[in-house]
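Here is the naming used below: chain letters follow the sequence lines, and residue numbers restart at 1 for every chain. Quick caveat, the model's predicted, so the values are computed rather than measured.
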Amino acid sequence: MPFSELMMTGIQLMLIGMGIVFTFLIILVVTMKGMSRLAISLEGELPAVDTAVKAPGRSDEVLVSVISAAIRRYRDTR
Amino acid sequence: MPFSELMMTGIQLMLIGMGIVFTFLIILVVTMKGMSRLAISLEGELPAVDTAVKAPGRSDEVLVSVISAAIRRYRDTR
Amino acid sequence: MPFSELMMTGIQLMLIGMGIVFTFLIILVVTMKGMSRLAISLEGELPAVDTAVKAPGRSDEVLVSVISAAIRRYRDTR
Amino acid sequence: MDIGFTSLWQSTGIANFTGGQLIMMLVGCLLIYLAIAKKFEPLLLLPIGFGAILANIPGAGMAESAVGQLLNSGNPEHLALLAQSLGVPVDQVAAAWKSAAGQAHAAGNWLASDLGYEPGMLYRFYSASIATGAAPLLIFMGVGALTDFSALIARPSTLLLGAAAQFGIFLTLLGALALNLVPGFDFSLADASAIAIIGGADGPTAIFLASRLAPDLLGAIAVAAYSYMALVPIIQPPIMRLLTSEKERAVVMQQLRPVSKLEKILFPFSVLLLCILFLPSAAPLIGMLMFGNLLRESGVVERLSGAAQNEIINIVTIFLGLSVGSQLSAERFLSIETLGILVLGAFAFSAGTAAGLFMGKAMHKYSGGKVNPLIGAAGVSAVPMAARVVNKVGLESNHHNFLLMHAMGPNVAGVIGSAVAAGVLLAVVGGQ
Amino acid sequence: MDIGFTSLWQSTGIANFTGGQLIMMLVGCLLIYLAIAKKFEPLLLLPIGFGAILANIPGAGMAESAVGQLLNSGNPEHLALLAQSLGVPVDQVAAAWKSAAGQAHAAGNWLASDLGYEPGMLYRFYSASIATGAAPLLIFMGVGALTDFSALIARPSTLLLGAAAQFGIFLTLLGALALNLVPGFDFSLADASAIAIIGGADGPTAIFLASRLAPDLLGAIAVAAYSYMALVPIIQPPIMRLLTSEKERAVVMQQLRPVSKLEKILFPFSVLLLCILFLPSAAPLIGMLMFGNLLRESGVVERLSGAAQNEIINIVTIFLGLSVGSQLSAERFLSIETLGILVLGAFAFSAGTAAGLFMGKAMHKYSGGKVNPLIGAAGVSAVPMAARVVNKVGLESNHHNFLLMHAMGPNVAGVIGSAVAAGVLLAVVGGQ
Amino acid sequence: MDIGFTSLWQSTGIANFTGGQLIMMLVGCLLIYLAIAKKFEPLLLLPIGFGAILANIPGAGMAESAVGQLLNSGNPEHLALLAQSLGVPVDQVAAAWKSAAGQAHAAGNWLASDLGYEPGMLYRFYSASIATGAAPLLIFMGVGALTDFSALIARPSTLLLGAAAQFGIFLTLLGALALNLVPGFDFSLADASAIAIIGGADGPTAIFLASRLAPDLLGAIAVAAYSYMALVPIIQPPIMRLLTSEKERAVVMQQLRPVSKLEKILFPFSVLLLCILFLPSAAPLIGMLMFGNLLRESGVVERLSGAAQNEIINIVTIFLGLSVGSQLSAERFLSIETLGILVLGAFAFSAGTAAGLFMGKAMHKYSGGKVNPLIGAAGVSAVPMAARVVNKVGLESNHHNFLLMHAMGPNVAGVIGSAVAAGVLLAVVGGQ
Ligand code: NA
Ligand code: NA
Ligand code: NA
């Protein structure tokens with residue numbers, strides 16, 4: 001392919017590509033909003049146990065704090 | 001294969017199949033009884049440490065109970 | 001290959017083989033000494049935190065000792 | 001080159017959807033729903049459901065071989081090349097490929113690869129995990145490493161209950177053959193055998209046998225097997241109540257004797273020995289099951305036992321599930337045969353349960369009332385669900401009657417029983 | 001036979017070293033140095049670096065196929081046999097092998113195997129993990145299982161930021177094509193597309209696309225992608241400070257609403273649905289990502305979720321890294337094209353960051369100042385590095401402004417965005 | 001079709017047992033007994049033993065290729081087709097298949113597959129894990145990740161002990177060749193080399209080399225290597241007591257200096273560098289060993305290091321063990337050659353131990369009595385068993401003399417030493 005044609009194809013691809021990316025993600029925004037509404041209506045009202053954005057490794061932290069507390073007590077008793 | 005022949009084969013297969021399954025498992029009953037007798041005679045009398053049907057996850061339970069106890073104590077001290 | 005030739009080849013191979021093994025490992029001794037000197041000069045003096053030959057499973061031991069201590073205390077309190 | 005919206009549009013799913021694909025996606029969603037909301041065997045049904053969705057994405061070809069993609073492409077030039085390679089006219093190329101063997105098959109694959117077609121990811125997973133038979137056998141190894149056979153060792157006579165419950169398999173075989181009387185059904189003996197094994201209530205055995213005897217029906221058989229295993233708490237209780245009396249159900253059984261470590265080590269060898277002597281065709285299944293159990297009981301290879309119980313079985317389950325799902329194409333699944341398989345599967349479970357119960361009643365009588373006949377229902381396997389159901393039904397009649405441990409014997413005996421039955425079917429039908 | 005020091009000496013590395021191999025080993029050492037001392041994406045760059053060293057050991061042929069080893073052997077008899085098998089004169093045998101297809105390719109492999117040549121270990125790893133496409137997809141499954149999409153679900157509008165940042169990809173595509181004006185560069189559209197995906201700031205996506213569109217450039221592309229991902233904390237802040245005002249950077253955003261379990265379960269289906277409808281070519285990437293996420297969020301398959309997050313992703317990363325490293329041969333890597341790829345990669349990251357920021361500024365205006373435009377920079381993906389950089393730059397302007405959670409939305413949106421972009425490139429360029 | 005008890009009976013094990021199979025099953029049981037009751041290298045010997053049992057089940061063909069099953073079937077029609085495909089008379093078909101190469105080999109496989117024969121499961125495991133060389137190399141990676149080379153880094157001179165102990169390998173090579181004088185033995189140079197490596201006292205190295213140089217002897221070599229490694233506490237002490245004086249054995253060595261993190265990181269590069277320069281043929285073994293060690297010592301890839309030390313090595317060990325076991329067929333194992341291999345293996349261990357001790361005595365003298373010569377015995381590798389034996393024998397002479405850490409240096413040096421020796425054998429013998 002001659003250079004000019006290659007560049008034209010590239011520009012075409014850029015336009016189509018960004019178009020599809022934006023279209024896709026905009027439709028996804030709409031879909032996700034609908035999905036959330038559906039989920040909330042299905043669940044009645046949000047149950048209290050719902051987790052918000054959760055920090056991972058919570059249980060590890062508990063474990064670590066428990067163990068470090070236990071170590072401290074253990075050492076104190078010696 | 002015509003239908004009648006197919007069914008005949010099926011019935012034959014059922015008889016042979018159930019026959020083999022039962023034969024196999026009955027011989028296995030005998031084999032296992034012999035095996036158990038052999039094992040017990042090899043081991044003298046059953047050692048005290050022998051585990052009966054054991055609940056899996058025992059150590060997990062211990063860990064959990066220890067940790068929950070530790071958590072309780074830890075909280076009490078605060 | 002006639003037997004005598006085979007044995008000659010074997011002896012040759014033994015000599016060459018042991019020669020290479022020794023050459024390789026002697027050069028490695030030199031290389032490792034140079035490497036250690038380089039490492040020590042790069043690090044200034046040996047930092048205090050440097051681990052000597054370390055026993056693996058250290059953290060496990062701590063965990064086990066902590067937990068066993070916790071079990072003991074837990075049982076005592078009952 | 002001409003990049004335009006037209007060609008891109010033509011590649012979208014919307015433009016290419018067929019009704020069958022849509023329905024299969026809904027089937028996939030249903031399986032996932034059952035897995036998540038109803039906890040129906042989620043470890044298998046969730047990946048199977050997701051695999052079904054992925055396999056039916058129009059244009060993605062994720063479950064297709066390279067030649068399958070070529071055939072789907074509709075590219076006339078490529079089709080002509082394939083037809084030439086197979087030596088048939090273009091309009092017979094699909095049929096010719098299906099029956100191509102040996103060098104013709106290899107040549108087709110070379111051609112497709114040269115033309116830039118690549119096997120879909122799910123097709124690769126299927127080829128590696130199920131077509132080789134490796135995945136179900138590795139899961140069986142894991143099951144062996146996870147299973148404690150103590151209850152069976154303590155009371156070997158419960159093997160008879162595990163034997164009786166396999167009657168469901170063979171009765172279903174007859175049923176499948178009889179279904180050929182209904183127009184639209186055309187089950188061969190191999191098909192019928194693969195369907196019948198659903199009555200074994202054991203997932204990996206069903207997948208292994210189906211992959212050997214009737215790969216085309218594998219998707220439906222696996223779905224039926226796992227679905228009914230999940231439905232055991234619904235299917236079994238009415239049959240149990242129907243076939244036993246209140247008094248029988250209230251029988252309290254003697255506590256099991258303790259089992260020594262040596263017995264547990266010798267147990268896998270006992271089972272393997274019989275398999276070697278009488279039924280070598282069951283050797284892959286029983287061999288791997290007993291290998292896993294020996295890893296567990298030997299007590300000297302904790303590392304390997306742990307790997308078999310966790311890493312290997314978890315990893316393999318993911319690939320197995322997706323691969324089974326990849327077989328849920330509209331063409332194969334949306335047929336009258338699937339309906340027949342579902343009906344036969346329910347029948348198989350019921351027949352197996354009933355046969356186990358009758359044997360339980362016989363043992364009840366023979367033992368002078370020491371055996372609670374309910375434990376016969378656990379003989380279908382479906383470990384440990386069936387044993388739990390027995391426990392629950394037993395508790396209804398007597399609030400202090402815990403049958404769980406007593407039902408574990410026939411329950412694990414059922415696993416061995418259905419592996420034996422699978423061996424018989426493989427020997428007779430597979431060897432033809 | 002004559003065993004002598006001469007022949008052994010001739011087999012040593014010293015006697016066979018080429019300058020290129022030496023340089024590639026130093027490149028490997030540099031990558032390992034960056035991984036260990038600078039913590040540059042060590043999980044990938046350390047195995048890649050080590051693989052590069054192993055692949056360039058003269059005479060070991062660890063990254064060569066069996067025929068590759070035959071060609072390297074210089075054995076005139078064997079070369080003549082291969083030439084005869086390919087039907088070309090001996091001096092054209094290397095070129096003929098490169099273009100051999102179908103049966104000729106198979107015959108070459110048979111010949112090499114018969115003559116005792118065996119594929120090197122890294123070649124086997126590459127064939128199994130990257131040539132099949134399996135490794136990047138399995139890593140994507142693990143990424144899905146490791147990623148919490150809550151921040152995105154709580155504020156779907158941040159998807160726009162993830163969309164905008166993909167502009168870096170397509171601008172780089174143009175840049176790569178434009179580079180053909182410089183003598184020495186000859187990038188095809190496929191090459192340019194594979195290079196452009198570096199701008200997606202997503203390792204597995206880059207490797208997957210490069211393995212499909214431009215396998216020869218895979219090594220350089222993977223190295224560039226991971227290097228720039230590690231350099232995000234250096235590349236992004238100046239651009240962020242340049243394009244936003246102090247006041248904009250100080251904007252405190254509203255706390256995110258809680259997200260329910262059901263929403264998290266429905267999310268993967270939402271994304272997959274659009275992929276099915278509009279972009280089936282992205283189905284392998286998005287399908288595996290969303291499968292992993294469903295394993296995580298379904299809550300019923302902890303075993304499988306754990307396997308995807310740990311065992312599978314760890315094991316696959318080792319093989320993927322070594323395999324990418326095996327592609328770092330002097331012949332391929334020490335070319336002007338690699339220099340171009342490195343320049344284009346930096347450009348791609350910068351352009352993506354800028355585009356994300358501009359979209360952030362637009363949303364800032366449109367929302368009446370509620371959106372901090374900095375979070376647009378996180379749209380390039382590079383999870384979670386880019387979000388952390390946003391947080392850090394935000395804190396500089398307002399010590400109580402924690403943007404981390406707000407930046408996680410565009411950050412994970414960027415992963416989806418670049419998978420979509422990869423799908424477009426595969427559909428348009430790959431299908432030719 | 002005619003299903004009858006006759007045909008089923010003909011398929012049973014009882015009807016088809018050969019004496020050889022029975023003996024091999026007993027060998028398998030013996031290995032398992034040693035693994036469980038005597039704790040003889042149970043991680044390998046238990047799967048090897050079980051694999052041996054499965055491989056010898058008559059009629060199951062679990063260790064056979066598809067063509068192997070066709071040949072065993074005795075089906076005259078199928079044999080005729082294979083003979084036709086190979087272009088030989090029917091009575092020469094087995095021999096012709098053994099020597100078939102290239103397209104003839106492929107055609108045979110196609111034919112067997114078309115006729116419905118499938119490779120046995122253990123054959124598949126062997127093909128994937130050992131025939132490719134992948135399994136021993138991955139185990140070597142795990143060994144590297146599990147090994148702390150600090151003791152060697154602190155005292156590099158102990159490498160000489162690791163070198164000396166390899167004398168056992170080369171002396172055994174001569175012994176194997178000399179055995180050709182005994183009627184019934186016909187060891188080629190490749191056979192003798194593969195047998196000799198038993199003296200390296202390193203399982204994965206022995207399996208790797210045997211799979212390259214003498215696949216037919218692999219089973220016996222692997223069994224001998226692991227058995228003698230388990231017997232180290234019995235074989236070594238008498239030789240140690242014989243060759244050293246009470247005074248020498250009582251020598252207390254200086255404490256080892258601490259080793260810095262940087263030294264540990266540079267160590268794998270030092271070893272790899274020499275391998276690259278002088279012995280590329282050892283690159284797969286030493287490369288993977290040092291890659292594993294770098295994963296461990298780099299401190300930045302805990303995930304990968306953990307995977308190499310646990311998941312990968314455990315999973316691979318299961319497949320490796322079963323695959324080695326699959327090679328224990330009566331035909332191969334029940335030969336005079338196996339007896340020779342067992343005798344030579346014991347000789348190799350003894351010779352290696354003695355050579356290590358002599359070098360230890362030399363270092364004792366040269367160092368002015370600072371080196372306890374016992375640590376030379378640890379140079380055979382057999383990590384960490386040999387080092388423990390040194391410790392135990394040392395304690396007998398001096399109750400406060402803990403040699404364990406001092407013996408770890410030569411112990412891990414022995415691993416490197418035998419990999420170097422394997423490289424030499426591969427370069428000289430494998431390249432012919
Ligand atoms: Na069953
Ligand atoms: Na991105
Ligand atoms: Na050694």
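Of the atoms belonging to F3(B), it is side-chain heavy atoms, and not backbone ones, that fall under 4.5 Å from chain D. Using a 4.5 Å cut-off between heavy atoms, A176(D) makes no contact with chain B at all. The parts of L181(D) that come within reach of chain B are both its backbone and its side chain, each placing non-hydrogen atoms under 4.5 angstrom from that chain.
Residues V390(D) and A377(D) approach most closely at CG2-CB, 4.3 Å, considering heavy atoms. In terms of heavy atoms, E337(D) sits closest to F185(D) at CA-CE2, 3.7 Å.
By number of non-hydrogen pairs under 4.5 angstrom with chain D, the leading residue of I26(B), L42(B), T23(B), L25(B) is L25(B). Among V271(D), L177(D), I265(D), the residue making the largest number of heavy-atom pairs under 4.5 Å with chain B is L177(D).
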Show me the donor-acceptor pairs, under 3.5 Å and distance only, between side chains in residues 161-175 of chain D and residues at least two apart or in other chains.
from	atom 1	to	atom 2	distance (Å)
Q166(D)	NE2	G162(D)	O	2.7
Q166(D)	NE2	G414(D)	O	3.4
T172(D)	OG1	G168(D)	O	2.5

(message) Before you tell me yes or no, could you show the steps for S36(B) and R257(D) under side chain to side chain donor-acceptor pair (under 3.5 Å), namely the whole-Å CA-CA distance, both residues' side-chain angles and the distance that decides it to 0.1 Å?
(response) CA-CA 12 Å; S36(B) 285; R257(D) 71 171 176 87; 3.3 Å; yes

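Every side chain to side chain donor-acceptor pair (under 3.5 Å) that S305(D) has, sequence neighbours left out, goes to Q309(D).
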